[in-house]
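Here's the structure, in structure tokens; my notes come after.
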Amino acid sequence: MNPMQTHFRDLTCGDARREHVGRRLSLAGWVHRRRDLGQLIFLDLRDRYGITQVVVDAQEAPHAHAAAATVRNEFVVRVEGMLAARLPGTENPKLATGEVELRAAEVTILSTARTPAFPINEPDQEADEAVRLRFRYLDLRREPMLRRILARSRLVEAIRAVHHDHGFVEIETPMLIKSTPEGARDFIVPSRLQPGSVYALPQSPQQLKQLLMVSGLDRYFQIARCFRDEDLRGDSQPEFTQLDLEMSFVAEEDVMAFVEAMVIEVSRAVVPERPIQHAPFPRFTHREALDRFGSDKPDLRYGMELHDLGEQARGSGFRVFEETLAGGGRVVGLAAPGMATASRSTVDELTELAKRFGAKGLVSIAIEGSGAVRSPIAKIVGDDRAEAMAVAAGASPGDLVLIVADRDVLAQEVLGRLRVELGARLGLADQEVLAYCWVHRFPMYQWDVENGRWDATHNPFSAPIPEHVELLTTLSGDPSRPSPEDPAGRALAQQYDLALNGWELGGGSVRIHQRDLLERSFSMMGHTLEGMRQKFGALLDAFEYGAPPHGGIALGIDRWAMILTYQTNIREVMAFPKTQSGSDLMLESPSPAEPGQWAELGLRFVGAPKG
RNA sequence: GGACCCGUGGUGUAGCGGCCCAACAUGCCAGCCUGUCACGCUGGAGAUCGCCGGUUCGAAUCCGGUCGGGUCCGCCA
């Protein structure tokens, strides 16, 4: 029997085939479309499995015909009848069920429907997103949303299968945890039982998964909901889902090897038709990624790499270049293919963009098809030198070289962002390809100029690479007086990010599990162990009871699903997302608290409510 | 916190100082139609142009504010 058979139906609307012809059976679903020819009415019956054509003949079934005449789009109906082969020449090859049709004997209206706010049966017609969100349950009926939600389900299903196959234990961690002062802003939940105290919603289960390693669970994973109270973007939401995993007795290579194999297996399971550009995944050190792509999440689907033009810029006589180099900065350029003919306004636009990204300006050198050089700086540096710079930037005739001179890293980052913008404008990326890559060896610490101290680049528990452990144990001077010259500032971490098509999928690290090293690391950031105990007390305590070497990673499921389904907006792969201002337009949340709710929590609202 | 874009019948668009008490498509309603599958044909209803204020003889159109949505910068791993 068909496993989808229920009280109301024998088959789904996607099941009926020639083999079922001659059977009397029932289907149930939404009326996708009605074609009323008078004595003959066709109903396209839809559910998430497909569409089956129902024929209602006034002669054959007068009662069913009368019912079908009152039916409208999106009514939910049950049709009982004989499944018949379609008349020769009337088959519909566009439908999987197109060779058959259900000849209605009975049509039962299970539910009527108002006219929907936007057409369900014409998904190509884009509706306003606010309307889609308000009527998300209708939007989810539409084929594109349905397809993406199903793809996401397959993604999570494949993730679970691979992890279970590899001995991972799936463990749920609490949603009401302790506020930690690091990272993003916490969502806070006031405690009723302990007035004045709050829980925080987890930004990630980071501490908990490390504690699970101390517990000896050895391999943990979770499809974990995470919360961050920051401003929203197309690729972010206040609540989002991570694949969170942690492994014991591992070195960096172990985690990366497992994750890479898992990612490949999952990708092939979810989108078998999409080629993975490189496997094994390319690996870049953080430094190399910045120097070559100006990004720690490079898009490898196209070249247009950055090139250091310091050698050519030195002694060029162009003051911006000279001063930048003298100040220890960088002059970097890239060659935009075929853009030599770009108009003045396009170049101006790119310059504005570069400024918005933090650069002081943008220098362009066009190599015309003839090989002639055209550049605002040509008369300062000379055609030969301009051409030499263009060549060094990898330009061919017809290309436009864009050059940014600024302090180290900023110059690359600005140009890296221009690279992404140009890649999009020029359509350089193959949309089918999945270009995964690793970026690793991040610096352990970043010098916080404003506060005059070192800060963890990622997780403060990330371990240095083995060769750099010594750097942490040989602090230059007084740890209470940090300096950007501290040798420990050069330490690289066993930290790895996974990027896909220019998006950061996620990142992780091997953690420090030794108390003395942890103490060193914390003191680098100007914290005492006591001070850190306030923030990470349980984990530090746990480390005194036998902690295995461990490491892990967290990958953004929403972002992954988004890329796998060719989207650029995370909302398109979430069933019930929020708007940029954090509202749920369907549920109309957030909503004002009842006065009694404040009181119960021992709180009083003092600010003026919005509006 | 900041910059920019959008808001016109149910939906998608057009109109961007007077030809507009607003056009087109689709949807909706009614009628006709026995092989349609974006069915077809005929007829009809439906928008004070997000809201408030201003400029003007005259505002969907220009200006200011406001609300909602989006994109980006900052923020955020």
Side-chain angles (χ1 to χ4, degrees), chain A residues 32-46 51-60 65 69 72-74 84 86-95 97-98 101 103 113-135 138 142 182-186 203-204 206 226-238 240 242 296-297 352-353 355-358 417 421 439 442 456-459 462 495-499 503-509 553-556 559 568-569 571 578-583 585 588 610-611:
Chain A
H32 189 64
R33 218 182 277 281
R34 184 177 67 114
R35 290 179 295 282
D36 186 346
L37 277 60
Q39 294 297 94
L40 200 60
I41 297 173
F42 293 95
L43 300 176
D44 287 342
L45 205 58
R46 183 199 73 233
I51 290 177
T52 300
Q53 175 166 282
V54 172
V55 201
V56 193
D57 187 316
Q59 237 73 72
E60 275 176 34
H65 183 268
R72 293 295 180 268
N73 284 351
E74 300 308 312
R86 292 206 192 179
L87 299 175
T90 67
E91 300 91 348
N92 186 348
K94 282 185 271 181
L95 294 180
T97 62
E101 61 193 6
R103 301 205 66 94
R114 293 165 60 183
T115 302
F118 46 82
I120 309 299
N121 54 18
E122 286 174 38
D124 291 341
Q125 191 171 318
E126 248 341 291
D128 182 77
E129 191 173 359
V131 179
R132 289 175 55 203
L133 289 176
R134 186 159 23 246
F135 297 97
L138 296 181
R142 308 212 297 172
E182 302 296 319
R185 194 178 296 114
D186 281 321
Q203 296 185 23
S204 80
Q206 185 62 37
C226 305
F227 304 85
R228 287 178 192 157
D229 192 4
E230 295 293 344
D231 289 359
L232 272 43
R233 281 294 153 73
D235 66 341
S236 66
Q237 281 272 305
F240 58 100
Q242 281 189 345
D296 55 10
K297 42 180 198 277
E352 276 314 301
L353 214 49
K355 285 180 179 166
R356 194 141 54 84
F357 294 153
R417 293 170 81 158
E421 173 68 23
V439 175
F442 285 74
T457 307
H458 278 70
N459 176 323
S462 294
Q495 182 96 43
Y496 32 81
D497 276 10
L498 184 63
W503 301 87
E504 183 189 327
L505 258 199
S509 65
I553 198 167
L555 302 181
R559 224 174 258 183
T568 54
N569 190 313
R571 294 186 298 273
K578 292 176 178 60
T579 68
Q580 198 161 40
S581 55
S583 298
L585 297 179
E588 297 182 312
K610 207 171 144 193

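Owing to the predicted nature of the structure, the values given are computational and were not obtained by experimental measurement. Below, chains carry the letters A, B, ... as their sequence lines are ordered, and counting in each starts from 1.
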Check: Which whole number of Å gives the distance between the C1' atom of B:G43 and that of B:G53?
Finding: 43 Å
Note to self: Can you work out whether A:R417 or A:V55 has the more 5'-proximal nearest nucleotide on RNA chain B?
What the structure shows: A:V55
Item checked: Out of B:C76, B:C72, B:C33, whichever nucleotide has its closest atom nearest the side chain of A:A184 -> B:C76
Next item on the list: Identify whether any heavy atom of A:E60 sits under 4.0 Å from a base atom; if not, whether one sits that close to sugar-phosphate; answer base, sugar-phosphate or nothing.
Entry: nothing
Note to self: Within the 4.0 Å heavy-atom criterion, would you say A:G234 contacts the bases, only the backbone, or no part of the nucleic acid?
What the structure shows: sugar-phosphate
Next item on the list: Just compare B:C76, B:U36, B:A77 and give me whichever is closest to any side-chain atom of A:E230.
Entry: B:C76
Checklist line | A:D231 side-chain proximity, nearest of B:G70, B:C75, B:A30 | finding: B:C75
Notebook entry, point to check: Contact class for A:R134 (heavy atom, under 4.0 Å): base, sugar-phosphate, or nothing?
Noted result: nothing
Check: Considering only the P atoms, how many Å lie between B:C73 and B:G12, rounded to the nearest integer?
Finding: 27 Å
Margin query: Nearest to the A:T90 side chain among B:C37, B:G69, B:A77, which nucleotide is it?
Written below: B:C37
Next item on the list: Using a heavy-atom cut-off of under 4.0 Å over every strand shown, decide if A:R114 touches base, sugar-phosphate, or nothing.
Entry: nothing
Check: Just checking A:T457: base, sugar-phosphate only, or nothing, at a heavy-atom cut-off of under 4.0 Å?
Finding: base
Check: Between B:G35, B:U71, B:U34, which nucleotide gets closest to the side-chain atoms of A:Q39?
Finding: B:U34
Check: Can you tell which of B:U71, B:G74, B:A77 lies closest to the side chain of A:Q242?
Finding: B:A77
Notebook entry, point to check: When we call it a touch if two heavy atoms are under 4.0 Å apart, what does A:R35 touch: a base, just sugar-phosphate, or nothing?
Noted result: base
Note to self: Across nucleotides 5-16 of chain B, 5' to 3', mark each nucleotide with B, S or - according to how protein heavy atoms within less than 4.0 Å reach it.
What the structure shows: -----SBS----
Next item on the list: Only counting residues at least two apart or in another chain, list the ones meeting side-chain hydrogen bond (donor to acceptor under 3.5 Å, both in side chains) with A:D128.
Entry: none
Check: Between B:C39, B:C76, B:U71, which one does the side chain of A:L37 approach most closely?
Finding: B:C39
Next item on the list: Give the nucleotide from the list B:G35, B:A38, B:U34 with an atom nearest to the side chain of A:L87.
Entry: B:G35
Checklist line | Test side-chain contact (heavy atoms from CB on, under 4.5 Å) applied to A:T115 - qualifying residues, sequence neighbours left out | finding: none
Margin query: Using a heavy-atom cut-off of 4.0 Å across all strands, would you classify A:N121 as base, sugar-phosphate, or nothing?
Written below: nothing
Margin query: Need one value for A:E74: base, sugar-phosphate or nothing, where a base atom within 4.0 Å counts as base even if backbone is also close, heavy atoms only.
Written below: nothing
Notebook entry, point to check: At under 4.0 Å between heavy atoms, what does A:I51 touch on the DNA or RNA strands: base, sugar-phosphate, or nothing?
Noted result: nothing
